[in-house]
Amino acid sequence: MDTFNHLMHGFGVALAPTNLLLAALGAVVGTMVGVLPGLGPINAVAMLVPVVFALGLPPEGSLILMAAIYIGSEYGGRISAILLNVPGEASAVMTALEGYPLARQGKAGIALSLSAWTSFVGSAIATLGIVLAAPVLAKWALAFGPVEYVALMVFAFACLTGLLTDQPVKAMLAIGLGLAISTIGIDANSGVYRYTFGSPNLVDGVQFATVVIGLFAISELLIMLDTMRGGAAVRIEQLGRSLFNGAEMRFTNMATLRGSLIGFFVGILPGAGGTVASALAYTTEKRVVERSDPEGSRFGRGEVRGLASVEAANNSASNSNFIPMLTLGIPSSGTTAIMLGVLTLYNLTPGPALFRSQPDLVWGLIASLFIGNFILLAINIPLVGVFARMLSVPAWVLVPFIVVVSAIGVYSGKSTTFDLVLMVALGVGGYLLRRTGVPMAPLILGFVLGKILEQSLRRALSLSAGDVAILWSSPISITLWIMAAAVLLLPLLLPRFTRWRHNTAVKAE
Amino acid sequence: MKTDRILGATAIAVAAIMLVFGYGLQAPFAYEPVGPRAFPLIAAGMIALCGVILVLKPGEPSSGPAGPTGALAALSGCLMGYALLFQPLGFVIATTIFMIPIAMIFGARWWQGAVTGVVLAVSSYLLFDRVLEVVLPVGPFGGIV
């Protein structure tokens with residue numbers, strides 16, 4: 001009952017005219033940016049952080065806006081995947097795998113409307129899951145002290161390295177680099193300057209916006225030069241019948257449900273986001289269909305059930321991602337890591353206490369996820385043709401636009417040339433790292449969690465006067481350490497899992 | 001194979017720099033058992049470990065072909081120039097000047113680039129500086145441009 005009251009209160013916040021407007025605005029902007037080839041959700045959110053911040057909104061308003069942009073760009077990403085065969089990010093790869101063949105068969109309209117519908121179902125189920133699970137988890141997480149936090153973050157990092165790529169070493173390297181960047185600046189406990197190299201610009205650390213925009217938006221531009229040489233993809237112009245029918249919906253209902261549930265549970269895991277969820281949903285659905293209906297399986301040639309399941313899973317995961325972020329303060333994907341960074345810009349400490357100290361913010365955000373999804377469904381089915389037109393924006397307009405918004409965003413923080421130069425340097429560095437296969441999401445997670453991890457570690461060791469044994473002194477922390485070890489060792493013990501991960505990673509190329 | 005070795009060696013170098021500049025970090029008055037030095041050194045250790053693994057056991061190259069080197073260098077150069085001259089030249093002038101070559105790298109004709117540059121510069125100046133109150137540099141011509 002308590003939860004119900006809180007949720008109703010949240011709807012009160014989310015339905016306030018300003019916040020409703022922000023959710024609608026975010027949904028439209030998010031879809032538009034998500035459609036743009038090469039700009040996935042994480043780039044969209046990274047680039048728009050400073051712009052949102054510049055609007056001078058209260059924290060709940062800006063979080064509602066960012067969340068709407070985030071889920072909107074997930075909806076938009078499927079449009080470029082289906083029509084252009086260009087997935088905006090790794091989690092849309094599976095969408096392109098089934099959606100593009102469908103589009104080539106003249107069923108683009110069906111693929112688009114059906115995937116909008118299953119995205120909605122996935123998101124709605126996940127949001128319901130947030131309402132049920134988050135308060136319980138938050139209450140439980142209140143018992144977490146610094147010791148448990150250290151173990152939890154190590155578990156999150158282990159998930160990132162163990163689940164995300166087929167090259168765990170590079171994911172670990174990325175985390176290490178992120179942690180390293182987080183140590184730059186004055187040390188809050190002792191006042192010692194660390195790695196500032198005498199520059200006054202580095203005293204209070206590297207600006208959050210500079211890091212995310214440099215690593216994501218700017219490096220993406222250089223990546224665009226790589227992919228441009230591959231020749232322009234063939235864009236599907238004919239949409240065909242624009243709405244799926246009842247038979248198609250019934251045909252995919254079970255697939256949608258399976259995908260939603262897989263997405264929800266994978267999304268809760270720290271470190272695992274839409275990419276893992278959509279890959280897992282895809283392989284599961286393929287196995288189920290090949291067992292129950294081997295004649296009718298059209299996987300790889302435009303299978304609506306595959307598309308339904310993947311989109312449901314992807315969106316479900318991107319919503320349930322909010323659970324660890326809100327209850328534990330541990331983001332489980334690069335995008336929620338950025339949103340967490342936004343919270344800290346408002347001097348709010350993410351974590352379980354947020355449910356008690358900021359009910360407006362937390363419940364307003366949850367309620368606005370419901371509302372945002374309705375808005376997205378409502379604009380995505382009739383307006384898909386309008387959004388699809390965004391695909392014809394030429395790169396020579398798109399790139400300068402990204403550069404200008406990025407530069408303004410970075411400059412708006414401290415108004416220094418130093419930050420702009422750093423942004424470009426990080427962009428080029430990020431490009432080189434991505435070229436060598438180092439993923440960026442773990443780097444951002446390391447950067448965002450670095451300060452919290454260090455503080456927890458130091459506080460824990462202060463409690464024990466320096467005895468490291470305190471780190472595995474409580475049942476919760478021991479469990480988390482064992483789970484972390486399991487996630488890291490699993491690939492070594494299960495060759496089949498490694499093969500699966502390798503295959504999904506290859507498909508993601 | 002080769003790129004992984006270079007990556008690994010670079011990682012080791014970064015870790016070494018972190019060690020050299022981090023080893024001397026000591027709090028003047030230590031009132032907690034873990035000082036400011038431990039965490040950076042843990043991160044450095046992690047980076048070094050990954051670097052060593054990459055040098056000893058490089059994986060197969062995984063990414064597709066790189067873009068044309070000339071274009072990559074030109075884009076990086078333009079971005080750096082834009083970053084450096086953003087403040088001295090002022091937002092409107094710097095944006096107009098640098099967006100022309102950037103647009104051309106991505107296939108625009110010079111006049112298409114010029115139109116993009118001018119429109120972007122003026123419209124985003126009005127939007128951000130005037131409406132959203134993000135103060136942008138005005139440059140040598142002050143409020144005239």
Side-chain angles (χ1 to χ4, degrees), chain A residues 51 54-56 167 169-170 172-173 175-177 179-180 183 187 189-192 194-195 197 218 221-222 224-230 394-401 403-405 407-408 411-412 415 417 420-421 423-424 427-428 434-438 450 454 457-458 461-462 465-466 509, chain B residues 3-4 6-7 11 14 18 21-22 25-28 30 32-36 39-40 43-44 46-47 50-51 53-54 59 62-68 71-72 75-76 79-80 82-84 86-87 95 99 102-108 112-113 116-117 120-121 124 128 132-136:
Chain A
V51 180
L55 291 173
Q167 290 174 305
V169 181
K170 291 181 181 170
M172 203 163 121
L173 175 63
I175 295 170
L177 290 173
L179 295 177
T183 64
D187 170 39
N189 293 24
S190 63
V192 171
R194 298 194 292 195
Y195 303 119
F197 304 103
I218 300 297
L221 303 178
L222 293 156
M224 277 166 86
L225 278 180
D226 291 351
T227 48
M228 248 176 40
R229 209 168 58 163
W396 52 265
V397 172
L398 186 58
V399 172
F401 175 77
V403 174
V404 169
V405 175
I408 294 176
Y411 188 79
S412 69
S415 305
T417 300
L420 290 169
V421 171
M423 166 191 87
V424 176
V428 176
R434 286 167 77 174
R435 287 291 316 172
T436 51
V438 178
E454 180 178 13
L457 187 67
R458 286 163 80 168
L461 291 175
S462 290
E509 281 302 318
Chain B
T3 51
D4 272 12
I6 298 173
L7 176 68
V14 169
M18 287 181 69
F21 286 92
L25 295 173
Q26 294 279 20
E32 52 172 5
V34 184
F39 195 74
M46 206 168 142
I47 295 171
C50 294
I53 296 175
L54 283 169
S62 54
S63 41
L72 286 170
L75 180 59
S76 310
L79 289 171
M80 196 46 98
Y82 185 53
L84 286 168
F86 190 87
Q87 218 168 13
T95 303
M99 290 314 127
I102 289 178
M104 286 170 72
I105 294 170
F106 284 87
Q112 288 173 321
T116 310
L120 256 181
S124 41
F128 285 97
L132 295 179
E133 291 171 2
V134 175
V135 179
L136 295 171

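These values consider heavy atoms only, across backbone and side chains, with no hydrogens, waters or symmetry-generated copies. Throughout, a chain's letter reflects where its sequence line sits, starting with A, and its residues are numbered from 1.
Considering CZ of B:F106 and CG of A:L398, their distance stands at 8.5 Å, rounded to 0.5 Å. The line from CD of B:Q87 to CG of A:L420 is 7.5 Å long, rounded to the nearest 0.5 Å. The distance from the CG atom of B:L79 to the CG atom of A:L221 is 6.5 Å, given to the nearest 0.5 Å. To the nearest 0.5 angstrom, B:L75 atom CG is 5.0 Å from A:L222 atom CG. Note that CE of A:M224 and CD1 of B:I105 are 12.5 Å apart. Values are rounded to the nearest 0.5 Å. A distance of 9.5 Å separates CD1 in B:I6 from OG1 in A:T436, rounded to the nearest 0.5 Å.
Between B:L120 and A:F401 the shortest side-chain heavy-atom distance falls below 4.5 Å. A:I408 is listed as a side-chain neighbour of B:S124, based on a closest heavy-atom distance under 4.5 Å.
In this structure, the portions of A:N189 lying under 4.5 Å from any heavy atom of chain B include both its backbone and its side chain. For a residue to count as touching a neighbouring chain, one of its non-hydrogen atoms must lie under 4.5 Å from one of that chain's; by this rule B:I53 touches chain A with the side chain only. For a residue to count as touching a neighbouring chain, one of its non-hydrogen atoms must lie under 4.5 Å from one of that chain's; by this rule B:S76 touches chain A with backbone and side chain alike. Contact of A:V404 with chain B is made through backbone and side chain together, with heavy-atom distances under 4.5 Å. With a 4.5 Å cut-off on non-hydrogen atoms, A:I218 touches chain B through its side chain but not through its backbone. Looking at B:I47, both its backbone and its side chain come within 4.5 Å of chain A, counting heavy atoms on both sides. With a 4.5 Å cut-off on non-hydrogen atoms, A:A465 touches chain B through its backbone but not through its side chain. When heavy atoms are compared at a cutoff of 4.5 Å, B:F128 approaches chain A solely by way of its side chain, counted from C-beta outward. Only the side chain of A:Y411 comes within less than 4.5 Å of a heavy atom of chain B; its backbone N, CA, C and O stay farther away. Interface remark: A:L457 contributes side-chain atoms only to the contact with chain B (heavy atom separation under 4.5 Å). With a threshold of 4.5 angstrom between heavy atoms, A:V428 approaches chain B through side-chain atoms but not through N, CA, C or O.
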Exercise. Between A:V403 and B:T95, is a side chain to side chain contact (heavy atoms under 4.5 Å, CB included) present by the stated rule, with each step listed?
Worked result: CA-CA 9 Å; A:V403 174; B:T95 303; over 6 Å; no

Exercise. Where do A:V397 and B:Q112 land on the side chain to side chain contact (heavy atoms under 4.5 Å, CB included) test, with the steps shown first?
Worked result: CA-CA 9 Å; A:V397 172; B:Q112 288 173 321; over 6 Å; no

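For A:Y195 (side chain) and B:F21 (main-chain N/O), no donor-acceptor pair under 3.5 Å exists by modelled atom type. Of the possible donor and acceptor atoms, none in the side chain of A:R194 sits under 3.5 Å from a partner among the backbone N and O of B:P40.
Looking only at heavy-atom pairs under 4.5 Å with chain B, the residue among A:V399, A:L461, A:L55 that has the most is A:V399. Ranked by heavy-atom pairs under 4.5 Å with chain A, the first of B:V135, B:I102, B:L72 is B:L72.
Summarising the geometry of A:R458 relative to B:V34, their closest heavy-atom pair is NE-O, 3.4 Å, with the distance given to 0.1 Å. Residues B:Y82 and A:A407 share a closest heavy-atom pair of CE2-CB, 3.7 Å. Listed here is the closest heavy atom pair of B:C50 and A:L173: SG-N, 3.5 Å. Minimum heavy-atom separation, A:M172 to B:M46: O-CE, 3.5 Å. Across all non-hydrogen atoms, the minimal contact from A:G176 to B:A43 is O-CB, 4.1 Å. Taking all atoms of both residues into account, the shortest heavy-atom contact from B:A103 to A:P400 is CB-CG, 4.1 Å.
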